[in-house]
Amino acid sequence: MTVRTRFAPSPTGYLHIGGVRTALFNWLYARKHGGQFILRIDDTDAERNRPEAIQPILDGFQWLGITWDEGPGIGGPCGPYFQALRGHLYREAALKLIETGHAYPCYMTKEEVDVLRKQAEGEKRNYVHRGRDRTLAPQDALRLFHEKPTTIRLKVPDDRTVVVDDQICGKVEVQSNLIGDPVIARADGSALYNFATVVDDAAMKITHIIRAKEHLSNTPTQMLVYEAMGIQPPIFAHVPVVNAPGSSKKLSKRDAHKFVTPDVIAMLRAVHAVPAEWTDEQIKKNESLNPVMVEYYRILGYLPESLINYFGRLGWSLDDKTEIMSLETMRTNFGFDRVNQSPASFDPQKLHWVAGEYTKVASLERKIDGVIPILQRGGLLGDQIDRDKIVQVVNACGDRLKILSDVLTYGAFFFRDPQYDAKAVKQRLHKEDMPELLREFAEVLTNAEPFDVPTLEAKLQEFSAAKQAKAGDLNHALRVATTGVMIGPGVFECLVIFGKAETLRRIDIALQIPKT
RNA sequence: GGCCCCGUCGUCUAGAGGCCUAGGACACGGCCCUUUCACGGCCGCGACACGGGUUCGAAUCCCGUCGGGGUCACCA
């Protein structure tokens with residue numbers, strides 16, 4: 001039997017990183033066993049069922065390299081892959097369950113149920129719903145339902161121990177007497193999650209259900225649905241949830257705004273990911289651009305494989321020391337035996353480190369291609385692209401680029417005039433008679449041929465020795481004068497990229513800054 | 001509240017009764033390298049939730065306590 005796994009997001013419009021991890025585990029397991037990974041859109045809740053809410057999710061997966069064998073965009077033998085289009089299947093399945101005596105139309109009103117619930121509460125008893133109509137003979141129930149449609153409930157069997165043999169959590173046993181008869185379909189015939197998911201997973205021949213731990217409690221109920229339908233249940237594997245950074249609470253979209261810290265806001269502004277006129281509040285409210293969504297990392301220039309690596313390693317490990325590994329390595333080694341049972345907190349700092357490891361070894365071409373749109377968005381580059389110059393800049397930045405948008409902090413001055421940092425100017429440029437020294441060194445530079453790193457370095461050594469000045473001090477001043485800041489690639493590399501004329505021009509500009 | 005799950009450094013993890021004086025990674029602190037910043041190298045800080053058993057021996061097995069989470073919907 002070929003392995004078939006699935007990921008079934010609801011169309012919220014954004015790809016959540018917790019979902020990415022669950023999807024990744026499904027993908028890994030299917031691919032490891034030569035099986036199929038299916039993407040299904042769980043859009044039974046019609047209200048927010050907008051087509052445009054699906055595309056960002058598909059785009060996110062595509063960017064990450066998580067491919068699906070059946071689902072939106074490609075179809076497949078078990079379609080449609082949208083729950084909204086499968087209503088007739090649920091209705092059919094529900095009627096069949098009534099017919100076989102496993103389900104019944106429940107005519108108790110909400111008020112009646114509330115009375116029973118209150119009564120149970122009063123007696124400090126747990127309320128377990130058992131509909132009054134559950135004893136109806138199947139034929140009568142069916143006839144009655146057709147005459148007067150109402151909610152359909154599953155008939156939960158009495159005195160049974162339901163066993164979920166979970167691949168990660170182990171054997172979990174629950175008494176059926178504690179499970180109330182669940183509503184599986186509304187009066188209008190629309191299905192509820194616990195039912196729709198089972199009908200679909202069965203129809204799509206899903207063999208392994210890999211999903212978040214929060215679904216474990218619902219699983220016995222679903223087992224009962226499988227049983228009622230006369231279908232062998234799939235194998236379950238519930239993966240622990242991803243918690244918010246430094247918290248023991250689930251990372252949820254609901255409090256995503258909490259992670260939009262001043263740092264994050266500054267980052268988004270720096271890369272011009274949001275309109276400049278937006279207030280901090282507006283940025284906070286923007287749902288897709290915050291650290292729980294994949295889009296956030298894409299816009300900041302994280303390489304997709306770094307997210308894959310990080311999230312694959314969150315809750316699962318290859319061995320006692322491997323941190324950096326390819327998707328392929330994960331694929332060949334993935335297994336439930338090395339998935340943790342306890343929740344894992346998302347650590348943005350570690351993700352950032354992983355990202356750096358990938359950027360470090362990425363090909364120059366990829367970095368160039370990634371950096372160009374970032375520079376353009378930042379208004380540092382127009383439509384005319386001098387690719388050679390960008391090659392030089394990216395090379396000069398070297399390992400300083402952990403994420404591609406770091407090019408803005410280390411190399412913005414290559415594309416515009418220096419923006420002088422007051423502190424840098426005061427400390428390095430307006431130090432004693434440095435301005436005069438720099439003026440004289442500019443003269444030297446005029447005659448520097450060729451204008452390359454070794455020559456410039458030699459000139460600076462020679463000049464400072466002659467003037468009995470510290471080479472380091474002059475070097476620092478030169479950096480601030482030409483770049484405006486105290487950090488960046490090697491100063492001679494910078495000068496070479498500027499070229500002689502531009503270097504001299506920048507020194508001139510710097511020498512005109514009044515001392516304060 | 002009932003039921004279910006979980007509990008090793010701040011965080012991710014290794015650990016299947018002796019290899020554990022508990023290993024690695026991120027973060028943090030220090031030093032080295034460096035004419036800035038980053039990279040790199042070295043060192044340091046830092047954990048078996050608690051209490052009882054079982055055993056010659058327990059982070060590992062059992063019980064209890066405490067703590068955390070999830071779920072009990074005509075949401076998914």
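Order of the sequence lines sets the chain letters (A, B, ...), proteins ahead of strands, with each chain counted from 1.
Taking a pair to require two hydrogen-bonding distances under 3.5 Å in either a Watson-Crick or a G-U wobble arrangement, B:G67 pairs with B:C6. Shown here, B:A59 forms no base pair; nothing in the strands shown gives a Watson-Crick or G-U wobble contact with both key distances under 3.5 Å. Under the Watson-Crick or G-U wobble criterion, with both distances below 3.5 Å, B:A25 is paired with B:U11. Within the shown strands, B:G30 is the pairing partner of B:C42 under the Watson-Crick or G-U definition, both distances less than 3.5 Å. A 3.5 Å limit on both hydrogen-bonding distances identifies B:G1 as the Watson-Crick or G-U partner of B:C72.
Two residues, A:Asn126 and A:Asn243, neighbour RNA chain B, and the one matched to the more 5' nucleotide by heavy-atom proximity is A:Asn126. Comparing A:Lys124 and A:Ala8, the nucleotide of RNA chain B nearest to each residue sits closer to the 5' end for A:Lys124.
For the atom pair CZ of A:Phe441 and NZ of A:Lys467, the computed distance is 12.0 Å after rounding to the nearest 0.5 Å. Interatomic distance, A:Asn26 CG to A:Ile206 CD1, rounded to the nearest 0.5 Å: 8.5 Å. We find the CG-CZ distance between A:Asp473 and A:Arg428 to be 8.0 Å, quoted to the nearest 0.5 Å.
Taking the six-membered ring where tryptophan is involved, the planes of A:Phe236 and A:His238 are essentially parallel, since the angle between them stays under 30° and well short of 60°. Classified by interplanar angle (parallel below 30°, tilted 30° to 60°, perpendicular above 60°), the ring pair A:Tyr297/A:Phe346 is perpendicular.
Residues A:Asp201 and A:Arg6 are paired through a salt bridge, judged by an N-O separation under 4.0 Å between the basic side chain and the carboxylate. The pair A:Glu121-A:Lys118 does not count as a salt bridge, with every side-chain nitrogen at least 4.0 angstrom from each carboxylate oxygen. A salt bridge does not link A:Arg117 with A:Glu112: every distance from a Lys NZ or Arg NE/NH1/NH2 to an Asp or Glu carboxylate oxygen is 4.0 Å or more.
Side chain to side chain, A:Arg186 and A:Ser190 meet the donor-acceptor criterion of an N or O pair below 3.5 Å. Side chains of A:Gln222 and A:Asn194: a donor-acceptor N/O pair is present below 3.5 angstrom, by distance only. With hydrogens and angles left out, the side-chain atoms of A:His88 and A:Tyr90 include no donor and acceptor closer than 3.5 Å.
Between B:U55 and B:A16, the two P atoms lie 23 Å apart (nearest whole Å). Going from the C1' atom of B:G70 to that of B:G64 covers 23 Å, rounded to whole Å. Taking atom P in both B:C28 and B:U71, the straight-line distance is 34 Å, to the nearest Å. With both ends at atom C1', the span from B:C33 to B:G40 equals 8 Å, rounded to whole Å. For the P atom pair drawn from B:U60 and B:C39, the interatomic distance equals 39 Å after rounding to whole Å. Rounded to a whole angstrom, the distance from the P atom of B:G17 to that of B:G10 is 27 Å. One P atom belongs to B:G41, the other to B:G46, and the distance between them is 24 Å to the nearest Å. Spacing between B:A47 and B:A59 at atom P, rounded to whole Å, works out to 15 Å.
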| task | Can you check each nucleotide of nucleotides 33-49 of chain B against protein heavy atoms at under 4.0 Å and return B for base, S for sugar-phosphate only, - for none, in 5' to 3' order? | result | --BBBSSS---------
| said: Using a 4.0 Å heavy-atom cut-off to protein, can you give one letter per nucleotide of nucleotides 5-24 of chain B, 5' to 3': B if the base is in contact, S if only the sugar-phosphate is, - if neither? | reply: SSS---SBSSS-------BB
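Nucleotide B:C74 holds its P atom 13 Å from the CG atom of A:Leu154, rounded to whole Å. Separating the CG atom of A:Leu251 from the C1' atom of B:G69 is a distance of 14 Å, rounded to the nearest angstrom. Rounded to whole Å, the distance from CD on A:Gln222 to C1' on B:C4 is 15 Å. Rounded to an integer number of Å, the gap from A:Glu214 CD to B:C75 P is 17 Å. What separates OH of A:Tyr127 from C1' of B:A73 is a distance of 13 Å, to the nearest Å. Straight-line distance from the CD1 atom of A:Ile179 to the C1' atom of B:G2: 13 Å, rounded to whole Å. B:G70 atom C1' lies 10 Å from atom CG of A:Asn218, rounded to whole Å. Rounded to whole Å, the distance from NE2 on A:His16 to P on B:A76 is 18 Å.
Using a 4.0 Å heavy-atom distance criterion, A:His352 is classed as making no nucleic acid contact. Here A:Arg117 lies in heavy-atom contact (under 4.0 Å) with sugar-phosphate atoms only.
In this structure, A:Arg186 reaches the B:C75 phosphate: one of its side-chain N or O atoms is under 4.0 Å from OP1 or OP2.
Closest contact between the side chain of A:Lys249 and the listed nucleotides B:G68, B:C74, B:A76 involves B:G68.
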